[in-house]
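Counting begins at 1 with the first residue of the sequence. Heavy atoms only: backbone and side chains are in, while hydrogens, waters and symmetry mates are out.
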Amino acid sequence: MTLEIRPYDRERDAEGLYASKVAFERGLGANTGGEGKAAAYEGKLTDAYRERWLRWVDRCVDDDPRCVTVAVDDGASDEGTAEGEEVVGYVFVLPERLAMVWDAAVLNELYVAPEHRGTGVADDLLDAALALAADQDLPLDRMVLDVDPANERAQGFYDRRGFEPWGEMAARPLDDA
């Protein structure tokens, strides 16, 4: 197994990236909020969502090719990736033009496949995200992310990497408007 951390390449990595995105979403749904949250996250994973999400990734990568960084295992083979390559993790930082959302760099998602957790891949991906953020022109010199308090593994990882509480998110369904 040889891992490579590199910018996302839509021609080589789209299918593997989306497979990781699906695993990310299913993990959030199954592990952080009960059956209702799991059903909501699973319900959005349609073919239309796939196409829309990959188009959005492409727009972000067009802004800055480093917005999405992948961890690729070149010792495995997976349908949809280059011969012998498998996307085993990714980090997605919103492009600088969206920094005003939180007045900071926004770590949108970081995912590592379960069999690669605890190997340093998440650290390497986060280092790539922090390097990108350091190059962005930000109102506040910081990176923010949303991590579910029920996700103890992620909480521990971000705590070890120096992240501290910064506000709190609240949400409500739009169909109640």
Side-chain angles (χ1 to χ4, degrees), residues 1-32 41-42 44-47 49-99 101-102 104-136 143-148 151 153-158 160-161 163:
M1 168 179 79
T2 304
L3 286 177
E4 179 184 8
I5 306 296
R6 62 170 168 73
Y8 166 75
D9 178 322
R10 68 188 82 191
E11 301 300 320
R12 294 166 57 184
D13 302 325
E15 293 307 314
L17 177 67
Y18 190 70
S20 291
K21 168 67 170 172
V22 167
F24 173 83
E25 296 289 342
R26 287 181 173 152
L28 285 177
N31 299 320
T32 64
Y41 277 66
E42 185 67 33
K44 78 176 186 179
L45 297 174
T46 64
D47 288 341
Y49 177 83
R50 177 192 175 282
E51 294 304 317
R52 185 176 173 200
W53 188 79
L54 286 171
R55 282 193 312 269
W56 182 60
V57 167
D58 288 346
R59 288 191 307 272
C60 290
V61 169
D62 286 344
D63 280 358
D64 187 330
R66 298 182 304 158
C67 283
V68 178
T69 299
V70 293
V72 178
D73 181 346
D74 69 6
S77 181
D78 188 27
E79 190 175 315
T81 63
E83 187 64 34
E85 292 184 340
E86 180 184 5
V87 175
V88 298
Y90 70 96
V91 66
F92 189 164
V93 177
L94 296 185
E96 181 179 311
R97 72 178 167 81
L98 298 174
V101 170
W102 291 102
V106 178
L107 194 158
N108 189 50
E109 296 170 355
L110 189 150
Y111 172 79
V112 175
E115 61 274 13
H116 291 277
R117 293 177 186 164
T119 66
V121 174
D123 287 304
D124 292 343
L125 289 169
L126 184 57
D127 288 344
L130 290 167
L132 168 60
D135 292 341
Q136 291 184 344
M143 175 178 273
V144 297
L145 61 99
D146 172 31
V147 60
D148 194 304
N151 190 339
R153 183 178 183 94
Q155 287 282 354
F157 172 72
Y158 293 119
R160 282 190 304 281
R161 292 302 306 263
F163 286 79

**Request:** Check the pair Arg6, Asp13 against salt bridge (Lys or Arg N to Asp or Glu O under 4.0 Å), reporting the backbone distance first and the verdict last.
**Result:** CA-CA 11 Å; Arg6 62 170 168 73; Asp13 302 325; 2.6 Å; yes
**Prompt:** Yes or no on side chain to side chain contact (heavy atoms under 4.5 Å, CB included) for Phe92 and Lys21, after CA distance, side-chain angles and deciding distance?
**Reply:** CA-CA 10 Å; Phe92 189 164; Lys21 168 67 170 172; over 6 Å; no
**Request:** Applying side chain to side chain contact (heavy atoms under 4.5 Å, CB included), run through Leu45 and Glu25 and close with a yes or a no.
**Result:** CA-CA 8 Å; Leu45 297 174; Glu25 296 289 342; 4.1 Å; yes
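Pairing each heavy atom of Gly118 with each of Arg153, the nearest pair is N-NH2, 3.6 Å. Taking each heavy atom of Ala105 and Ala133 in turn, the nearest pair found is CB-CB, 3.5 Å. In terms of heavy-atom proximity, Cys60 sits nearest to Pro95 at SG-CD, 3.7 Å. Here the closest non-hydrogen pair linking Leu94 and Cys67 is C-SG, 4.2 Å. Closest non-hydrogen pair, Ala104 versus Val144, comes out as CB-CG1, 4.1 Å.
To the nearest 0.5 angstrom, Asp73 atom CG is 6.5 Å from Glu86 atom CD. Distance check: Leu145 CG to Leu110 CG gives 9.0 Å after rounding to the nearest 0.5 Å.
Between Leu107 and Leu126, some side-chain heavy-atom pair lies under the 4.5 Å cut-off. At least one side-chain heavy atom of Val68 sits under 4.5 Å from a side-chain heavy atom of Leu17. Side-chain contact between Tyr8 and Val72 is absent, with no heavy atoms from C-beta onward closer than 4.5 Å. Looking at Phe157 and Phe163, their side chains never come closer than 4.5 Å, going by heavy atoms from C-beta outward. Side-chain contact check for Leu130 versus Met143: some heavy-atom pair is nearer than 4.5 Å. Counting heavy atoms from C-beta outward, Val112 and Leu125 have side chains that approach closer than 4.5 Å. Val121 is listed as a side-chain neighbour of Leu3, based on a closest heavy-atom distance under 4.5 Å. Using a 4.5 Å heavy-atom cutoff, the side chains of Thr69 and Ile5 are in contact.
Listed by chain and residue number, Arg66 satisfy the salt bridge (charged side-chain N to carboxylate O under 4.0 Å, His left out) test with Asp64 (two or more places apart in sequence, or in another chain). Under the rule for a salt bridge (charged side-chain N to carboxylate O under 4.0 Å, His left out), the partners of Asp62 that lie at least two apart in sequence or sit in another chain are Arg10. Residues satisfying the salt bridge (charged side-chain N to carboxylate O under 4.0 Å, His left out) test with Glu96, not counting sequence neighbours, are none. Under the rule for a salt bridge (charged side-chain N to carboxylate O under 4.0 Å, His left out), the partners of Glu42 that lie at least two apart in sequence or sit in another chain are Arg26. By the side chain to side chain donor-acceptor pair (under 3.5 Å) test, Tyr111 pairs with no residue at all, sequence neighbours left out.
Look at Arg160 and Asp123 and you find no salt bridge, because none of the NZ, NE, NH1 or NH2 atoms lies under 4.0 Å from a carboxylate O.
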Atom pairs and distances, donor-acceptor, side-chain atoms in residues 49-57, under 3.5 Å, two or more places apart:
unit_1 : atom_1 : unit_2 : atom_2 : d
Arg50  : NH2    : Glu15  : OE1    : 3.0
Arg50  : NH2    : Glu15  : OE2    : 2.0

